[in-house]
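Step one of this worksheet: look at the structure below.
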4 protein chains.
Amino acid sequence: MSSASQPRRGNTRQRIQDVALELFSEHGYEKTSLREIAEQLDVTKAALYYHFKTKEDIVVSLFEDLGRPVDELIVWAQEQPRTLETKQEVIRRYHESLRSAEALFRFMQENQATVRDLTIGLRFKERMLTLYGLLKEDDAELVDQVRCLTALFTMHAGMFAMQEMEGDPEDKREAVLRVATELVTAANPPGRRPARPDSAQTASP
Amino acid sequence: MSSASQPRRGNTRQRIQDVALELFSEHGYEKTSLREIAEQLDVTKAALYYHFKTKEDIVVSLFEDLGRPVDELIVWAQEQPRTLETKQEVIRRYHESLRSAEALFRFMQENQATVRDLTIGLRFKERMLTLYGLLKEDDAELVDQVRCLTALFTMHAGMFAMQEMEGDPEDKREAVLRVATELVTAANPPGRRPARPDSAQTASP
Amino acid sequence: MSSASQPRRGNTRQRIQDVALELFSEHGYEKTSLREIAEQLDVTKAALYYHFKTKEDIVVSLFEDLGRPVDELIVWAQEQPRTLETKQEVIRRYHESLRSAEALFRFMQENQATVRDLTIGLRFKERMLTLYGLLKEDDAELVDQVRCLTALFTMHAGMFAMQEMEGDPEDKREAVLRVATELVTAANPPGRRPARPDSAQTASP
Amino acid sequence: MSSASQPRRGNTRQRIQDVALELFSEHGYEKTSLREIAEQLDVTKAALYYHFKTKEDIVVSLFEDLGRPVDELIVWAQEQPRTLETKQEVIRRYHESLRSAEALFRFMQENQATVRDLTIGLRFKERMLTLYGLLKEDDAELVDQVRCLTALFTMHAGMFAMQEMEGDPEDKREAVLRVATELVTAANPPGRRPARPDSAQTASP
DNA sequence: GATGAATGAGTGTTCATTCAT
DNA sequence: GATGAATGAACACTCATTCAT
């Protein structure tokens with residue numbers, strides 16, 4: 001029942017994360033200063049330091065909080081049989097995770113040079129490599145390796161690039177998902193014969 | 001007959017570009033200071049300002065010098081009939097341009113948030129959109145639009161991601177090219193029936 | 001009961017203003033660097049920026065704080081009948097204001113070229129024009145207009161030039177006031193006949 | 001026969017002075033950089049150094065070239081009997097000198113803080129004191145000293161302030177001259193009784 | 001008579017961070 | 001749970017000046 005205008009009690013940490021993520025993903029990490037964040041929240045810079053040890057720490061917390069679904073997805077996938085269906089499901093779930101943490105992924109996509117130097121850079125890279133490992137065959141040919149990588153990148157880069165195009169957002173999202181699925185399917189031929197992308201609809205069994 | 005100790009030759013501008021590009025692409029634009037660049041060249045910061053009006057101006061000059069081949073490619077493509085063969089050739093040539101300006105494209109790929117705020121951000125975006133327009137059919141379906149975008153992104157992102165994997169660099173490059181070609185081919189079906197990605201070999205005429 | 005070594009009191013802002021005004025009026029605005037100001041205060045440059053947004057902002061604050069009496073004088077004068085007595089009183093009070101903000105006016109007098117480009121340049125000019133408007137008749141002849149302007153300038157320029165001459169400061173001040181009063185009196189003839197400067201003693205009724 | 005567009009032969013020194021004076025008087029000495037001057041002349045900064053040893057040297061040369069008439073006036077005046085008529089003539093001639101070197105005097109008027117630190121600062125001050133000495137009686141009372149000073153300042157400050165007012169420039173100039181003459185006349189009473197400013201028309205002998 | 005290339009010392013400004021309160 | 005006041009290190013940039021050519 002608290003009035004809307006007054007600063008809410010215990011949610012400052014969350015509000016910092018929200019504002020920080022918005023600014024980081026909009027202007028970039030380096031170009032977003034703690035002063036800006038503080039001003040937008042109408043607190044002092046020092047207040048940020050009560051909740052986070054450093055600027056980098058804010059990013060780490062965002063990565064951990066918003067990236068959790070992906071980690072869970074990885075854990076799940078590692079318990080599954082490595083069939084094509086599993087892989088398609090990985091794509092589908094990853095696509096869903098991206099949607100719910102869009103700003104974070106946009107930030108990581110557009111600030112790669114920066115992120116690389118941050119502590120999470122390594123963790124992010126490892127995560128991507130793990131996902132990649134889940135998608136490709138162990139003895140996959142080079143072209144199929146590229147297909148798997150591309151499947152992942154499509155979802156990252158594609159989504160943001162698509163945003164500026166016309167069309168219903170849901171439709172665009174689905175198109176991206178379909179191409180990613182297609183790629184992963186093509187990269188995982190049944191036995192020795194490559195699967196037909198056509199047969200790789202988004203439809204789940 | 002110039003002494004070896006004083007390199008007061010006319011190549012300073014070029015040397016600045018080289019070092020700057022190396023540092024920009026390695027540590028990012030914001031994290032590379034003009035002091036670093038100057039120190040690595042063993043000149044003063046002020047010397048940089050003799051050759052370039054601002055830090056941003058260095059990037060602009062790099063973009064203009066190294067990006068010229070792509071602009072020429074675009075001019076060429078616009079004069080060609082918009083057949084599948086032309087599009088495949090666009091991919092091939094673009095792939096080749098990327099190779100010769102690898103550091104620049106890595107920089108632009110990994111510093112998107114920064115580049116967006118630079119003057120060249122807009123120009124780069126326009127260039128990508130033009131290329132994209134050259135690849136896709138006018139009335140292409142959403143999925144085919146995504147395929148074309150992905151073809152381009154694969155070459156950008158894929159190349160850098162691949163670098164860290166094992167295998168012969170030339171082989172990897174070729175695999176990337178093949179997937180990109182495949183995607184563009186699939187996005188440009190003959191008549192009304194969409195082509196199967198599988199049938200989209202790199203096969204040249 | 002605070003220890004003598006750390007002057008971390010709440011007067012820093014004021015101290016910055018004091019030192020800045022002293023240096024600005026002594027060496028000029030451009031030739032006074034923030035480093036100098038900071039050093040003289042034994043704080044860092046960054047501390048200045050905690051209290052003032054920019055270098056110019058320091059000047060603005062000085063102008064606003066020290067110039068207030070003049071603004072009040074203007075408000076007062078605008079409520080009075082526009083008689084010769086009022087005008088003489090304006091001169092007297094303005095003369096008094098100059099005394100209490102001597103350094104500021106010296107700064108503005110000696111850095112006109114600089115001040116013109118500052119935000120306060122316009123405000124200062126407007127203030128002078130308002131004062132001028134309060135002194136002169138609406139349909140004053142050119143010569144009388146010049147007399148009013150000169151009355152004001154005498155107080156500005158005269159006071160600083162006089163400082164270097166010998167004689168009791170109070171006497172010099174009074175002489176300046178007398179000439180200014182004389183000029184304004186001459187510029188405001190009773191009816192059609194110009195008043196005799198002689199009759200314009202500083203003596204108030 | 002030289003075309004108007006091409007840089008004329010031997011007049012570069014003069015052109016530098018012209019441009020420099022214009023910029024100095026418009027933006028101030030410190031805010032005018034040699035780069036600006038060079039750019040406006042379409043030569044390099046180094047070219048300026050062929051003609052002038054330092055930036056300050058440009059000002060010195062301006063002061064010497066444009067201020068010569070005043071020095072000549074002083075020489076002339078020192079040979080004259082120190083009568084009121086001579087003094088009035090000094091005012092008249094000084095007024096004329098100001099007109100022909102308007103930009104220089106505007107510069108010196110508006111950059112006093114700067115000029116004070118320049119070599120010419122002292123020379124200018126001495127010149128003013130000499131003029132002042134020529135105008136006032138040896139045993140003049142304080143008020144009369146102020147009148148003489150004001151006479152000089154009116155011509156400096158008044159002229160620039162008047163410029164922004166409406167009215168025929170020549171008329172304004174004459175009004176300034178008249179007030180200055182009036183002041184000097186009032187400061188030089190016949191016998192022991194002070195003259196009335198009123199009786200101090202610009203009337204020439 | 002002038003340029004091309006450079007320097008050294010400085011400028012105002014911003015930043016992430018600290019800490020006593 | 002947060003602030004007020006400050007710091008140290010850095011930054012992009014500008015300036016007057018120099019000198020070999």
Side-chain angles (χ1 to χ4, degrees), chain A residues 7 9-13 16 30-38 41-58, chain B residues 2 6-13 30-38 41-58, chain C residues 2 6-13 30-38 41-58, chain D residues 7 9-13 16 30-38 41-58:
Chain A
R9 311 170 314 282
N11 58 348
T12 301
R13 191 189 143 94
I16 293 172
E30 333 262 358
K31 295 227 316 218
T32 302
S33 70
L34 296 187
R35 177 180 51 70
E36 273 179 278
I37 297 175
L41 285 166
D42 211 49
V43 295
T44 53
K45 271 186 293 174
L48 306 185
Y49 279 87
Y50 178 82
H51 294 280
F52 298 96
K53 271 211 320 272
T54 64
K55 184 183 181 185
E56 180 169 354
D57 207 42
I58 302 180
Chain B
S2 65
Q6 298 300 27
R8 198 174 293 251
R9 287 234 293 296
N11 58 344
T12 303
R13 192 189 143 95
E30 335 260 358
K31 295 228 313 218
T32 302
S33 71
L34 295 186
R35 178 182 50 71
E36 273 180 277
I37 297 175
L41 286 166
D42 208 48
V43 294
T44 54
K45 271 188 292 173
L48 306 185
Y49 279 90
Y50 178 77
H51 294 281
F52 298 95
K53 272 213 312 278
T54 64
K55 186 183 181 185
E56 180 169 352
D57 205 44
I58 301 181
Chain C
S2 62
Q6 298 301 29
R8 199 172 295 251
R9 286 232 295 295
N11 59 343
T12 304
R13 192 190 143 94
E30 335 262 359
K31 295 227 316 217
T32 302
S33 71
L34 296 186
R35 177 182 50 73
E36 273 180 278
I37 298 175
L41 286 167
D42 209 49
V43 294
T44 54
K45 272 188 291 171
L48 307 185
Y49 278 89
Y50 178 77
H51 294 281
F52 298 95
K53 272 211 316 277
T54 63
K55 186 184 182 184
E56 179 168 354
D57 204 43
I58 302 182
Chain D
R9 312 170 314 284
N11 58 348
T12 302
R13 191 189 145 95
I16 293 172
E30 334 261 358
K31 294 227 317 218
T32 302
S33 69
L34 296 187
R35 176 180 51 69
E36 274 179 277
I37 297 176
L41 286 167
D42 211 48
V43 294
T44 53
K45 272 187 291 174
L48 305 184
Y49 279 89
Y50 178 82
H51 294 281
F52 298 96
K53 271 211 320 272
T54 65
K55 184 184 182 184
E56 180 168 353
D57 206 43
I58 301 180

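- Atom CD1 of C:Ile58 is separated from atom CG of C:Leu34 by 5.5 Å, given to the nearest 0.5 angstrom.
- Here the P atom of nucleotide E:dA16 and the NZ atom of B:Lys31 are 13 Å apart, to the nearest Å.
- In this model, a side-chain donor or acceptor of C:Lys45 finds a partner on the base of E:dT13 within 3.5 Å.
- Relative to the side chain of D:Ala47, the nucleotides E:dT7, E:dT3, F:dT3 differ in distance, and E:dT3 lies closest.
- Toward the 5' end of DNA chain F, the nearer of the two residues B:Arg35 and D:Thr54, judged by each one's closest nucleotide, is B:Arg35.
- If you take CD1 of C:Ile37 and P of E:dG12, they are 8 Å apart, rounded to a whole angstrom.
- B:Asp42 has its CG atom 13 Å from the C1' atom of E:dA6, to the nearest Å.
- Under 4.0 angstrom from either OP1 or OP2 of F:dG4 there lies no side-chain N or O belonging to C:His51.
- Atom CG of C:Leu41 is separated from atom C1' of F:dA5 by 14 Å (rounded to the nearest Å).
- Here the P atom of nucleotide E:dG1 and the NZ atom of D:Lys53 are 18 Å apart, to the nearest Å.
- For the pair C:Tyr50 and F:dA6, the criterion of a side-chain N or O lying under 4.0 Å from OP1 or OP2 is not met.
- Between D:Thr12 and E:dA2 there is a side-chain N or O to OP1 or OP2 distance below 4.0 Å.
- Pairing for F:dT21 goes to E:dA2, judged as Watson-Crick or G-U wobble with the two contacts each under 3.5 Å.
- E:dG10 atom C1' lies 16 Å from atom CG of B:Leu34, rounded to whole Å.
- Comparing B:Ala46 and C:Lys55, the nucleotide of DNA chain E nearest to each residue sits closer to the 5' end for B:Ala46.
- Checking D:Ile37, D:Thr54, D:Asp57 one by one against D:Leu48, the side-chain contact (heavy atoms from CB on, under 4.5 Å) holds for a single residue, D:Ile37.
- Across the protein-nucleic acid pair, B:Leu48 atom CG and F:dC11 atom C1' stand 13 Å apart, rounded to whole Å.
- The line from NZ of B:Lys55 to CD of B:Glu30 is 6.5 Å long, rounded to the nearest 0.5 Å.
- Look at B:Ser33 and you'll find a side-chain N or O under 4.0 angstrom from OP1 or OP2 of F:dC11.
- In this model, the phosphate group of E:dT17 is approached by a side-chain N or O of A:Tyr49 to a distance below 4.0 Å at OP1 or OP2.
- Summary of the strand contacts: A:Glu30 and C:Glu36 both lie near DNA chain E, and taking for each the nucleotide with the nearest heavy atom, the more 5' one is attributed to C:Glu36.
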